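Since the structure is predicted, the reported quantities are computational estimates derived from the model, not experimental observations. Position 1 is the first residue of the sequence, and the numbers go up from there.
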Amino acid sequence: MRKELDADALRQISRVTLSHYDDNAASFQEGTRDHDVSQNVSALLGSMEGTGPFSILDLGCGPGRDLITFRSLGHEAVGLDGAEQFVEMARATGCEVIHQDFLALDLPQGRFHGIFANASLFHVPTQELPRVLGELRDALRSRGVLFSSNPRGDGTEGWQGDRYGAYHDLTSWRRFVTAAGFEELGHYYRPPGRPLREQPWLATVWRKVG
């Protein structure tokens, strides 16, 4: 059984992981600038009910690449990140950007039609995941949509260099998100067009129940 993380350990996870992103913000921006996540954007927007425009929270927005995409499509794009350097970069897009740690969220209830958690929630320690998912659910409007994409794994969790991660397979991820009050709309593996062994990313789409 995995040892429970105490408050000091959780603070260290946040501090060290966020420091890694702060220290590497410029190279991260350059390295991810041209990543094609249009499949993920379409998965979120295509699952929305109604015609929009929608209010979308980009959870772990990084330097703001996807904020620009959502805004260009006519939506209200709001970013959130815990890394101070990313927040400054993302605010340069002109979008609202919230500076918050994933482990200390304080979001308005029922504000967002959708949450875009692209390559972000895997940083949440497993023991904290039910609470964080519940907070995201509360931030969604009725029947709002949560999209998540994470590197998949077999339940391993811990440090990779200066970043903490938890790597779930589809079965365990389903269990956590369903228990938090969501129903699954679909899933797929990325990048597209490759055999499963060459698709390290698990993407899932969920609707808030109620």
Side-chain angles (χ1 to χ4, degrees), residues 1-25 27-28 32 40 57-63 78-88 90 97-109 112 115-140 144 146-184 187 189-190 200-206 208-209:
M1 181 176 294
R2 186 178 293 115
K3 181 181 178 181
E4 183 173 358
L5 299 165
D6 61 20
D8 287 340
L10 292 172
R11 281 192 291 269
Q12 182 186 26
I13 285 169
S14 289
R15 178 180 57 80
V16 175
T17 301
L18 293 175
S19 292
H20 168 86
Y21 285 116
D22 275 328
D23 292 344
N24 296 278
S27 60
F28 183 93
T32 59
N40 296 346
L57 177 66
D58 186 354
L59 184 79
C61 64
V78 178
L80 183 149
D81 210 284
E84 186 175 357
Q85 293 300 312
F86 282 165
V87 170
E88 291 183 11
V97 180
I98 302 167
H99 186 195
Q100 286 183 16
D101 183 341
F102 294 171
L103 300 185
L105 294 174
D106 183 16
L107 296 170
Q109 292 202 358
F112 302 104
I115 295 176
F116 189 66
N118 188 67
S120 55
L121 284 174
F122 75 98
H123 286 309
V124 176
T126 299
Q127 74 176 48
E128 300 300 304
L129 192 56
R131 175 178 62 83
V132 172
L133 288 170
E135 291 167 348
L136 296 180
R137 181 189 182 280
D138 290 344
L140 283 169
L146 169 66
F147 170 87
S148 73
S149 178
N150 296 304
R152 61 190 179 94
D154 58 1
T156 57
E157 179 171 349
W159 293 98
Q160 289 196 350
D162 293 331
R163 299 190 307 167
Y164 190 92
Y167 305 95
H168 302 275
D169 61 16
L170 178 59
T171 299
S172 66
W173 187 248
R174 273 177 172 156
R175 184 171 66 250
F176 281 109
V177 187
T178 300
F182 292 90
E183 60 180 358
E184 185 179 351
H187 73 275
Y189 297 97
R190 281 180 52 83
W201 292 88
L202 169 62
T204 56
V205 191
W206 306 84
K208 176 180 177 177
V209 177

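- Phe112 contributes atom CZ, which lies 4.5 Å from atom CG of Leu57 (distance to the nearest 0.5 angstrom).
- Here the shortest heavy-atom pairing between His99 and Gly82 reads NE2-O, 3.0 Å.
- Heavy-atom minimum distance, Ala104 versus Gln100: O-OE1, 4.0 Å.
- With rounding to the nearest 0.5 Å, the separation of CG in Leu18 from CD1 in Ile13 is 11.0 Å.
- Put simply, the side chain of Tyr189 reaches to within 4.5 Å of the side chain of Leu202, judged on heavy atoms.
- Glu88 meets the salt bridge (charged side-chain N to carboxylate O under 4.0 Å, His left out) test with no other residue; sequence neighbours excluded.
- Of all heavy-atom pairs spanning Leu80 and Phe102, the tightest one is CD2-CE2, 3.7 Å.
- Closest heavy-atom contact between Glu128 and Leu10: OE2-CD1, 3.6 Å.
- Heavy atoms only, all atoms of each residue included: Gly62 and Asp81 are closest at N-OD2, 2.8 Å.
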Do Leu146 and Leu133 pass the side-chain contact (heavy atoms from CB on, under 4.5 Å) test, and can you show the C-alpha distance, the side-chain angles, and the key distance before you say yes or no?
-> CA-CA 10 Å; Leu146 169 66; Leu133 288 170; 4.3 Å; yes

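- Among residues two or more places apart in sequence or in another chain, the side chain to side chain contact (heavy atoms under 4.5 Å, CB included) test is passed with Pro151 by Phe122, Tyr167, Trp201.
- Rounding to the nearest 0.5 angstrom, the gap separating the CG atom in Asn24 from the CG atom in Asp162 is 8.5 Å.
- Partners of Asn118 according to the side-chain hydrogen bond (donor to acceptor under 3.5 Å, both in side chains) rule, which considers only residues two or more places apart in sequence or in another chain, are Asn40.
- Applying the salt bridge (charged side-chain N to carboxylate O under 4.0 Å, His left out) test to Arg11 and every residue at least two apart in sequence or in another chain returns Asp8.
- Between Leu103 atom CG and Thr17 atom OG1 the span is 9.0 Å, to the nearest 0.5 Å.
- Partners of Ser148 under the side-chain hydrogen bond (donor to acceptor under 3.5 Å, both in side chains) rule, at least two apart in sequence or in another chain, are Trp173, Thr204.
- For Asp138, there are no side-chain hydrogen bond (donor to acceptor under 3.5 Å, both in side chains) partners at least two apart in sequence or on another chain.
- In this structure Tyr21 satisfies the ring-ring contact (aromatic ring centres under 6.0 Å, His included) test together with Phe28, Phe86, His123, sequence neighbours excluded.
- For Val209, the side chain to side chain contact (heavy atoms under 4.5 Å, CB included) partners two or more places apart in sequence, or in a different chain, are Glu183.
- Under the 3.5 Å distance criterion, with hydrogens and angles disregarded, a donor-acceptor pair is assigned to the side chains of Asp169 and Ser172.
- We find the CZ-OG1 distance between Arg175 and Thr171 to be 8.0 Å, quoted to the nearest 0.5 Å.
- Put simply, the side chain of Leu121 reaches to within 4.5 Å of the side chain of Leu136, judged on heavy atoms.
- Panel note: side chain Lys208, backbone Gly144; no donor-acceptor pair is recorded below 3.5 Å.
- Considering only residues two or more places apart in sequence or on other chains, Arg174 meets the side chain to side chain contact (heavy atoms under 4.5 Å, CB included) condition with Leu170, Glu184, His187, Trp206.
- The stretch residues 149-160 participates, sequence neighbours left out, in these salt bridge (Lys or Arg N to Asp or Glu O under 4.0 Å) pairs: Arg2-Glu157.
- Contact record, Gly60 with Ser120: CA-CB, 4.2 Å, taken as the closest heavy-atom pair.
- Applying the side-chain hydrogen bond (donor to acceptor under 3.5 Å, both in side chains) test to Gln109 and every residue at least two apart in sequence or in another chain returns nothing.
- Surrounding CD of Glu84 are at most 12 heavy atoms belonging to other residues, nucleotides or ligands under 6.0 Å away.
- Here Asp106 contributes atom CG and Ile98 contributes atom CD1; the two are 9.0 Å apart, rounded to the nearest 0.5 Å.
- Judged as a side chain to side chain contact (heavy atoms under 4.5 Å, CB included), and not counting sequence neighbours, the contacts of Ala9 are Leu5, Asp6.
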